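Let me begin by presenting the structure, written as structure tokens, before commenting on it.
Remember, predicted model here, so these are calculated numbers, not experimental data. Note on naming: letters A, B, ... go to the chains in the order of the sequence lines (proteins, then strands), and numbering restarts at 1 for each one.
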2 protein chains.
Amino acid sequence: MATGTDPSTARSVRSPSVKDVATRAGVSLGTVSNVLNRPDRVSEATRSRVEKAMADLGFVRNESARQLRAGRSSTIAYVMLDASNPFFTDVAQGIEDAAEQADMSLFICNSDNRASREARYLQRLQQQRVTGILITPVDPSHPSLDELSRHGTPVVIVDRVGNTEDHCSVAVDDVLGGRLAIEHLLDLGHERIAFVGGPESIGQVRDRLDGARGALAGTGASLTVVHTSALSVAEGRSAGERIAGLPRSSRPTAAFCANDLLALGLLQQCVGLGIGVPDQLAIVGYDDIDFAAAAAVPLTSVRQPRRDLGRTAAELLLDEATNADHEHQQVLFTPVLVARASTRRT
Amino acid sequence: MATGTDPSTARSVRSPSVKDVATRAGVSLGTVSNVLNRPDRVSEATRSRVEKAMADLGFVRNESARQLRAGRSSTIAYVMLDASNPFFTDVAQGIEDAAEQADMSLFICNSDNRASREARYLQRLQQQRVTGILITPVDPSHPSLDELSRHGTPVVIVDRVGNTEDHCSVAVDDVLGGRLAIEHLLDLGHERIAFVGGPESIGQVRDRLDGARGALAGTGASLTVVHTSALSVAEGRSAGERIAGLPRSSRPTAAFCANDLLALGLLQQCVGLGIGVPDQLAIVGYDDIDFAAAAAVPLTSVRQPRRDLGRTAAELLLDEATNADHEHQQVLFTPVLVARASTRRT
DNA sequence: TTGTACGCGTTATCAA
DNA sequence: TTGATAACGCGTACAA
């Protein structure tokens, strides 16, 4: 304890660099670099000596320096819209799978539906010179996304469709999804149907409603729109109250919800108020998150290929980043209806 | 289109540096730097000229270069155990709140319960020289965490308790939580109770079970352990099957689940098999995730202060990173039982 | 108030 | 096979 570096203060000491390793191993700096990047170009003996020095010193590469030198990082980022919606965490898993395969790090940010937070993250990511950005934007038509692309940072829009040709996008056909939901209900004989969703500023909500209306056209069945101010469980409960308040004779016999969170809230409220599901009210959700199948009355839902969505988006991004003759694509996946007890014929 | 930079190829062009800005503004490099970091030291006129040049060129600071110069980044990371469990995304929100307040970026990684992925992330984060790491580890007693600390990267363990004094930790008193759950069931008159959970390699599971046993001691009530191989909805369903298979006379009248995912799966299975909740089986969950209250039979659950957990952990990390006389702490929060319909007396 | 010069840690080029 | 050196972009001390 009398001399040398005191272990207790070692924390604050600058971490060892290649230079330190070189000194310790008695070789030059370039050789250490070669051990790290072209191990074949260095003799067995020196290599093991260098490796021992690295281990002794606890050497860890400095990624900042690498990036500075290389001009680019090996990191991509996903700016997600709402971390508390399982749909998006599943998308993130798909992205992570692709990133891991390409040996890229994934940086996940949560904008939490706030434009200001989103903007802050985008700026930071640009400063970090990330290889590319995946994003489910608060506003897909905001010019900041195009600016990023023009600036040289590849951008892929996830689960939304941008308004320009500046970037790729990966989404699911929501018009078709709406159609599938309604056709299922029509098949079961329902004639008074509610659409639960909003706000209509969200593209998905509009598309799913359009699909629903399209499927209903000319069938004689009616559609009541029950408006919500967000796609959340709480709003689903509130919608349930309003539906329950209608006289039985004119009350819808089925409800199509713009997402599963709404559907779960609606289901909960119905059960609480003694409205049988599916007897008095059949319910169709959207997304088919895991909790949909796990509800006490398992939920019929329109499934989106969440993981594929993420994986494909990441692959497009990596292609754009590495492939010189990349061409932007707008990929559109097809949803599938999964029927469960909440719409079972009784 | 005949001369100059073709916009279509501008993507691949190196982004402008402070040097480019200086040239364009007709000032020296140091002045540009001053505009960025000490705006007060530069005259109004030059400053606006420099700012205009930055805007014209679309200058964006290079964070790698800054970090290299500074030696440290302004980023912290949270390595989370399971992105598909809402409990952890809520914790992450708390962390994000604290990070935003301290003007730090948060890097979220998902180990997905896999030690290999966790190790990979830890290595990358260390290479990035992040300011600190928050982690809910796969194995809280793994030596790699201590190595990180010793290496100079502050580490805070979230929702687990480490086995050393090398870092702070923030957790919730799980023994107390288990006790609360059981006392609630005893108050309701239950005498045959099941504990649904596992594997016991998870500290939380052990603690909650210990708490449960402690509360039962000397009461005459019995505890049956229904083992699960993971804390997931699917495992909850499987547990439900096994409980339903017991003869009615010896079947437990109440179940305490090690987390809400299990409880939701159990609830679903019971309803599907015609076992009334809470009439034939009362259910208590753990975590009080949002979906617990939203279940068709709203779930009684032991609530943990998820956001506070995250916020406190981040604050401890930032303190360790910035405060020279930081002292490690093991913070323990107190859980609260939230009673709902799944244990209502009928 | 503004400009010059150096160093952060790494990689790559070139010469030995 | 190995070693010396320049360069990446930025921040800062110091000089003008």
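Checking D/dG3, C/dT10, D/dG11 against the side-chain heavy atoms of B/L36 singles out D/dG11 as nearest. In this structure, of C/dA12, C/dC8, D/dG3, it is C/dA12 that holds the atom nearest to the side chain of A/R38.
A donor-acceptor contact shorter than 3.5 Å is absent between the side chain of B/T153 and the backbone of B/S149. Checked by atom type and distance alone, the side chain of A/H167 never pairs as donor or acceptor with a backbone atom of A/P154 at under 3.5 Å. In this structure a side-chain-to-backbone donor-acceptor pair under 3.5 Å is present from A/T131 to A/S73. Formation of a donor-acceptor pair under 3.5 Å by the A/E118 side chain with backbone atoms of A/V138 is found in this model.
Contact annotation for B/R66: backbone-only contact, meaning every heavy-atom pair under 4.0 Å involves sugar-phosphate atoms and none involves a base. Contact annotation for B/S43: backbone-only contact, meaning every heavy-atom pair under 4.0 Å involves sugar-phosphate atoms and none involves a base. Here B/T46 lies in heavy-atom contact (under 4.0 Å) with sugar-phosphate atoms only. Looking at heavy-atom distances under 4.0 Å, B/R129 makes no contact with the nucleic acid at all.
Heavy-atom neighbours of B/E100 CD from other residues, nucleotides or ligands within 6.0 Å: above the threshold of 12.
Straight-line distance from the CG atom of A/N34 to the P atom of D/dT1: 11 Å, rounded to whole Å. The CG atom of B/L29 sits 16 Å away from the P atom of C/dG7 (whole-angstrom rounding). Atom CG of A/N37 is separated from atom P of C/dT13 by 12 Å (rounded to the nearest Å). Note: NZ (B/K19) to P (D/dC10) measures 10 Å, nearest angstrom. In this structure, B/D20 atom CG and D/dG9 atom C1' are separated by 10 Å, rounded to whole Å. In this entry the distance linking CG of A/L68 with P of C/dA12 reads 13 Å, nearest Å. For A/N62 and D/dG9, the CG to C1' distance is 14 Å, given to the nearest whole Å. Rounded to whole Å, the distance from CG on B/D40 to P on C/dT1 is 9 Å.
At a cut-off of 3.5 angstrom, counting only N and O atoms as typed in the model, there is a donor on one side and an acceptor on the other between the side-chain of A/R69 and the base of C/dT11.
For DNA chain D, no neighbouring residue in residues 47-61 of chain A is found when judged by any heavy atom under 4.0 Å.
Rounded to 10°, the angle separating the first-five-pair axis and the last-five-pair axis of the helix from C/dT1-D/dA16 to C/dA16-D/dT1 equals 40°.
Of the side-chain N and O atoms in B/S28, one or more sit less than 4.0 angstrom from OP1 or OP2 of C/dG3.
Looking at which nucleotide of DNA chain C each of A/G30 and B/T31 is closest to, the 5′-most match is held by B/T31.
Contact check for A/S15 versus B/R129: side-chain heavy atoms found under the 4.5 Å cut-off. Taking the side chain as every heavy atom from C-beta outward, A/H328 and A/E320 approach each other to under 4.5 Å. With a 4.5 Å cut-off on side-chain heavy atoms, A/N37 and A/R66 count as touching.
Counting only N and O atoms by type, the side chains of A/S111 and A/R117 include no donor and acceptor under 3.5 Å apart.
Salt-bridge check for B/D56 with B/R24: passed, with a basic side-chain N closer than 4.0 Å to an acidic carboxylate O.
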